[in-house]
Amino acid sequence: MSGQVKTIPTKPFSGQKPGTSGLRKKVKVFQQEHYTENFVQAIFTAMPGGSQGKTLVLGGDGRYFSPEAAQIILKIGAANGISKFILGQNALLSTPAVSALIRSLKTDGGILLTASHNPGGPDEDFGIKFNISNGGPAPEEVTNGIYKVTETITEYKIAELPDLDLSKTGDFELGPLKITIVDPVSNYLSLLKEIFDFDLISSWLHNTTPKPTVLFDALNGVTGPYGHAIFVETLGLPESSVQQCVPMSDFGGSHPDPNLTYAHALVERVEKENIEFGAASDGDGDRNMIYGKGAFVTPSDSVAIIADWAEKAIPYFKGGIKGLARSMPTSGAIDIVAKAKGLEVFEVPTGWKFFGNLMDAGRLSICGEESFGTGSDHIREKDGVWAIVAWMSILAAANKEQPGAGINDVLLKHWKKYGRSFFSRYDYEGCESEGAEAMMDHLRKVFASSDFAGSTLKATSSDASFKVASADDFAYTDPIDGSVSTKQGLYIKFEDGSRIIFRLSGTGSSGATVRLYVEKYSQNESEYGLDAQVGLKPLIEVALSISKLQEYTKRDKPNVITVSHVAVLKDFVC
Ligand code: G16
């Protein structure tokens, strides 16, 4: 077949609006006739500068429906004048690896087949995301353009081509398309070897007595081969130091989300075997969790600690750090490090895409989000494996100063130097959208009343009370291009510096997930060893009472609680 182009009539589907990170829906939704084709055509139509002659990277986390979606993208791409695709073998590429490839091969962008940490399989989630030429997720201006096309689309173009064999690496031609299929790991691994001092890490792992034990869990996601290449092949650790490292299209039937609830297999082995350093990554490899024996590092602390140690422990930052940043709900721990180091710090809305402009402008080196995302300007996506190797670098450097130092020692030392930001997030997954929206509207009304700022909110089970300093809907003006993003989460700031935040997740595939974030800062050393749940209880009570969450969502407990120093809290009720 020569690749003759056919024009197929179609009708718009409602709801093809990309969320926090691409379009995520159930596989069955993507499998509807023309559904995937419409969205893919919209990407090519709305691509900045048009699609003619462009080179794109294509890959993803290998979830169910990825091979089929890849073939559709190749054929619609060919019909829309794309000249070349660079694919990961079997359409596998971690999200950070896509970003790295776009940047190192200087392509015009990429298409990622992933729903990240959401479950996979015929009845679960699929996703498609477009990244631009800086390697980062398309900004809102572009995703809004894609959405606009999906609302009015009447036809798409597709080339009549055979399916491509995705299993062989090398250079190929498919009709008018040039194709290169690459090993998913090698380019990314070379980048990490430029960034980190693997000899330093190796020396800590092999020359310390007793030898620290390590466990990496890929949760059956795409990072399995990356983890094996790093932990086993590069650092010479035994096979038992990695688990769930074969990518599976349904992630073994579990939720590939590295938090205390879903990464329980890691948590259990770390506790049982007294493992020094445990770490997990998510389905597509951009999230991470750091967990050592008795020590869970909140993502908010993790990015602050990486920022603090970076110049000392990571060669990439030896020349200095340009600036730091966090998403709005992330705790202010990184702000305190920035202040101490005299660095700029930015507060952006939730979504990695908001960091890209700052990095491109040379004002941001290290940033993170409470949602288990940590990264730097080496690429334009958050990077789970990078964060894990960064933490091993920190432990290696810390051991030079204090032999035997573990995660807990690094945490405690940090809090003693900077104070501790207690942080917790409650996730109420699978709520009815209507109730969740009504709760947010209720809060907006509460905020609008003239006497809310200055009022005192009381906890329900103690005498604790908090005076409201300000309350608003977070809005962000990008300092580089001036674009404005509104309605990015409702926050209450209290006079003692504590915060309560409510957001509706933008990454779910159906219904609504309510996220409640609470934060309290302390410089009282006697509190540092406390379970955050204890320190934050009064604030959580205030949050539940002011929002009437239970009434609006009909939920009396969250599905997941992210909190420091405790094990799985799935059934916790405040
Ligand atoms: C995505 C975004 C992140 C965001 C996270 C949570 O992560 O890339 O920037 O923090 O979603 O978003 P939400 O709270 O709206 O669910 P991922 O790992 O799902 O791509």
Side-chain angles (χ1 to χ4, degrees), residues 1-19 21-60 63 65-87 91 98 102 107-115 125-133 137-164 166 174-179 509:
M1 271 181 251
S2 64
Q4 198 190 345
V5 173
K6 288 204 306 192
T7 301
I8 310 290
T10 186
K11 284 191 184 126
F13 288 87
S14 66
Q16 289 198 324
K17 186 172 172 60
S21 198
L23 182 70
R24 294 182 191 174
K25 299 281 177 198
K26 293 285 174 210
V27 164
K28 295 230 157 24
V29 174
F30 275 100
Q31 283 173 327
Q32 294 172 88
E33 195 182 15
H34 305 316
Y35 188 94
T36 300
E37 288 83 351
N38 277 16
F39 188 70
V40 170
Q41 177 65 58
I43 292 177
F44 292 125
T45 307
M47 194 171 279
S51 54
Q52 285 297 328
K54 294 280 167 74
T55 297
L56 297 176
V57 175
L58 174 59
R63 67 180 55 233
F65 194 58
S66 297
E68 293 85 343
Q71 304 290 355
I72 291 170
I73 290 167
L74 293 175
K75 291 170 193 174
I76 297 185
N80 280 272
I82 296 289
S83 68
K84 182 168 183 177
F85 278 104
I86 293 146
L87 279 92
V98 170
I102 292 172
T107 73
D108 301 294
I111 298 178
L112 295 90
L113 308 175
T114 173
D125 292 0
F126 187 71
I128 301 182
K129 182 167 93 159
F130 174 58
N131 279 22
I132 56 173
S133 60
E140 278 186 343
E141 184 195 332
V142 176
T143 54
N144 288 342
I146 294 170
Y147 178 48
K148 223 171 158 185
V149 176
T150 69
E151 285 185 300
T152 52
I153 191 165
T154 54
E155 59 184 37
Y156 61 85
K157 293 197 183 99
I158 188 160
E160 284 192 308
L161 293 167
D163 280 355
L164 178 72
L166 302 171
L174 184 69
L177 282 179
K178 288 192 170 55
I179 307 267
S509 59

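From a predicted model like this one, the values you see are computed outputs, not experimental measurements.
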Output yes when a side-chain donor or acceptor of [X] lies under 3.5 Å from a complementary backbone atom of [Y], and no otherwise.
{"X": "Lys54", "Y": "Gly50", "value": "yes"}
{"X": "Ser133", "Y": "Asp108", "value": "no"}
{"X": "Gln4", "Y": "Leu161", "value": "no"}

Problem set entry | Stepwise side chain to side chain contact (heavy atoms under 4.5 Å, CB included) check, Phe126 with Lys25 | CA-CA 6 Å; Phe126 187 71; Lys25 299 281 177 198; over 6 Å; no

For this session: Please test Ile76 against Ile43 for side chain to side chain contact (heavy atoms under 4.5 Å, CB included), starting from the C-alpha separation and ending with a verdict.
Result: CA-CA 10 Å; Ile76 297 185; Ile43 292 177; over 6 Å; no

[X]: partners by side-chain contact (heavy atoms from CB on, under 4.5 Å), with sequence neighbours left out:
{"X": "Gln31", "answer": "Val27, Lys28, Tyr64, Phe65"}
{"X": "Ala42", "answer": "Ile146, Val149, Thr150"}
{"X": "Lys26", "answer": "Val29, Glu124, Asp125, Ser509, Ser510"}

Exercise. So, Ser21 and Lys129: side-chain donor and acceptor under 3.5 Å apart, yes or no?
Worked result: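 Lys129 and Ser21 do have a side-chain donor-acceptor pair below 3.5 Å.
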
For this session: Check Ile8, Ile158, Thr10, Asn80 against Gln41 for a side-chain contact (heavy atoms from CB on, under 4.5 Å) and give me the one that passes.
Result: Asn80

Exercise. Just how far is it from atom CD1 of Ile111 to atom CD1 of Ile128, taken to the nearest 0.5 Å?
Worked result: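 Here the interatomic distance stands at 7.5 Å.
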
For this session: With the side chain counted from C-beta on, respond yes when Ile179 and Ile86 share a heavy-atom pair under 4.5 Å apart, and no when they do not.
Result: no

